[in-house]
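We count residues from 1, following the sequence as given. Keep in mind that the numbers below use all heavy atoms, side chains included, and drop hydrogens, waters and symmetry copies.
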Amino acid sequence: WFLLESDFQSRQSALVGRISHPISPADLLEREAYAVERSEWLRRASETKKPRRVHLDALATVLFESRDTVLAHVQEIVHVENVRSPTRIRELVDEHGPLVPRGQAVTATLFIDGGATDACDSVLGDLRRGLTVLWLRLGSRLVPAQLLEGSESMDPDGPVQYLRFEIGDTAVSMLQDPSKDAGLLLRCRGHAVFAAMPWALRRLLADELSVRGSHRPLAFDERRPSAI
């Protein structure tokens, strides 16, 4: 029994590390090795990101990040930009490291896709002025998106922005509760768009939050709600 318990705790510690431990240059494959395995890396990255995306009509897409998605992104940048300098690799890791979610928060990348030009300009303009344009709705709660600090190379005028939602300890139960709405609300210059989070994404985020918060995944209600 004690051996089994020890093994269980070891596995849980490894899981916590896998989803929340900061990335480092040592986590990256050598460039030549990655070139050989690149197609498989890209395939896995695509599969990992697919359930993590929420589309807000034609205006924007939000990708909820994980350690795996961030690591895959940095690995691809190193390959595409032919980065060989250890100093530059360290800079890339440091720039994207804050995107790895930690504690009772989730991180996301906001892609301004298009739609009405004035609406897209308004999103970027409001973000630059420190105004909130995106919220994560959990039941009756509206959690504002905050621009993620620590990414020195982020273009304040660019169509890609890094965000953080401080959702707190009650988020897991709300994400798991089919009776509670969960989704994203985007507001900008006459436009208000709400997109519900798919049930698979709610379960995924709740599982990761529970592991980071308690070092053990919570049991899920396997019911799939008829509408969320």
With a 4.0 Å cut-off on N to O distance, would you call Lys50 and Glu47 a salt bridge? no
Return the minimal non-hydrogen interatomic distance between Leu28 and Gln75, and the atom names on each side. CA-OE1, 3.4 Å
salt_bridge(Glu32, Arg84) N-O dist < 4.0 Å: yes
Under 4.0 Å between a Lys/Arg side-chain N and an Asp/Glu carboxylate O for Arg203 and Glu208? no
All side-chain contact (heavy atoms from CB on, under 4.5 Å) counterparts of Val36, not counting sequence neighbours: none
Consider only side-chain N and O atoms of Ser179 and Asp177, and report whether a donor and an acceptor are under 3.5 Å apart. yes
Evaluate the side-chain proximity of Phe165 to Leu205: yes if any heavy-atom separation is below 4.5 Å, no if none is. no
Taking the six-membered ring of Phe64, is the NZ or CZ of Arg53 close enough (under 6.0 Å from the centre) and on axis enough (within 45°)? no
Between Pro22 and Arg67 the two heavy atoms that sit nearest each other are O-NH2, 3.5 Å
Closest approach of Glu166 to Ala105 (non-hydrogen atoms, all atoms of both residues): OE1-CB, 3.7 Å
Test of understanding: with side-chain contact (heavy atoms from CB on, under 4.5 Å), list the residues that count as partners of Ser24, not counting sequence neighbours. Ala26, Asp27
Does a salt bridge link Glu40 with Arg38, judged by any charged N lying under 4.0 Å from a carboxylate O? no
Pair Glu65, Thr109: side-chain N/O donor-acceptor within cut-off below 3.5 Å: yes
Would a 4.5 Å heavy-atom cut-off, applied to side chains only, mark Arg141 and Thr170 as touching? yes
Contacts of Tyr34 that satisfy ring-ring contact (aromatic ring centres under 6.0 Å, His included) - sequence neighbours left out: Trp41, His79
